[in-house]
Amino acid sequence: MSRPSIGDQELALLHHLAEREPASVGEMAADYGETHGLARSTVLTMMERLRAKGYLKRRQFKGVYRYTTTTGPGEAMRSAVGQFVEKTLSGSVSPFVAWMAERGEVSDDELAELEALVTRLQSGRGEK
């Protein structure tokens with residue numbers, strides 16, 4: 001079962017928290033919120049939405065809730081990309097690959113990663 005979608009700002013907050021977990025709302029507001037122009041109440045709302053969607057969990061420690069990720073931002077990113085491909089690109093990755101080719105700004109490392117993914121896809125087709 002897939003998780004509910006999350007927005008760009010929520011995904012950025014999730015990445016930020018994953019690098020510092022566990023963290024309180026106050027810590028996240030001071031660290032992430034201030035640098036992004038977000039009030040403490042906005043950071044709290046975002047964190048509680050992420051918790052309601054299953055991306056965060058919290059535990060009370062000495063009277064303060066400390067938040068941690070449940071799966072990490074990698075799964076959230078895969079989910080966001082999957083939803084984008086399904087909803088925006090009608091399930092086809094061709095427009096995305098065409099955009100990458102036109103952009104022409106793919107590093108050697110990114111190109112090697114893409115080639116490895118294509119190889120993996122091709123080997124998976126032979127098994128079916």
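None of these values were measured; they are calculated from a predicted model.
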Which heavy atom in Ile6 sits nearest to a heavy atom in Tyr55, and how many Å separate them? CG2-CE1, 3.3 Å

Closest heavy-atom contact between Val43 and Gly33? CG2-CA, 3.8 Å

Let me have the donor-acceptor pairs involving side chains of residues 34-42, under 3.5 Å, with sequence neighbours excluded, atom names and distances please.
residue, atom, partner, partner atom, Å
Thr35, OG1, Asp31, O, 3.2
Thr35, OG1, Tyr32, O, 2.9
His36, ND1, Tyr32, O, 2.9

With sequence neighbours excluded, residues passing side chain to side chain contact (heavy atoms under 4.5 Å, CB included) with Val85: Val81, Leu89, Val93

Non-neighbouring partners of Ser90 that pass side chain to side chain contact (heavy atoms under 4.5 Å, CB included), sequence neighbours left out: none

Of all pairs that satisfy side chain to side chain donor-acceptor pair (under 3.5 Å), the ones with a partner from residues 109-119, not counting sequence neighbours: Ser107-Glu110

With rounding to the nearest 0.5 Å, note down the distance linking [atom1] in [X] to [atom2] in [Y].
| X | Y | atom1 | atom2 | value |
| --- | --- | --- | --- | --- |
| Tyr67 | Ser24 | OH | OG | 9.0 Å |
| Leu17 | Met28 | CG | CE | 4.5 Å |
| Gln122 | Leu117 | CD | CG | 11.0 Å |

Expected output: side-chain Thr70 to main-chain Gly54 donor-acceptor under 3.5 Å: yes

Does anything in residues 85-106 form a ring pair (Phe, Tyr, Trp, His ring centres under 6.0 Å)? List the pairs, not counting sequence neighbours. Phe96-Trp99

All pairs passing salt bridge (Lys or Arg N to Asp or Glu O under 4.0 Å) where residues 50-68 contributes a residue, at least two apart: Glu10-Lys53, Glu27-Arg66, Glu48-Arg51, Glu48-Arg58

Using the rule given for side-chain contact (heavy atoms from CB on, under 4.5 Å), can you reason through Leu56 versus Leu14, listing the C-alpha separation, both sets of side-chain angles and the distance that settles it, and then say yes or no? CA-CA 8 Å; Leu56 295 181; Leu14 190 65; 3.6 Å; yes

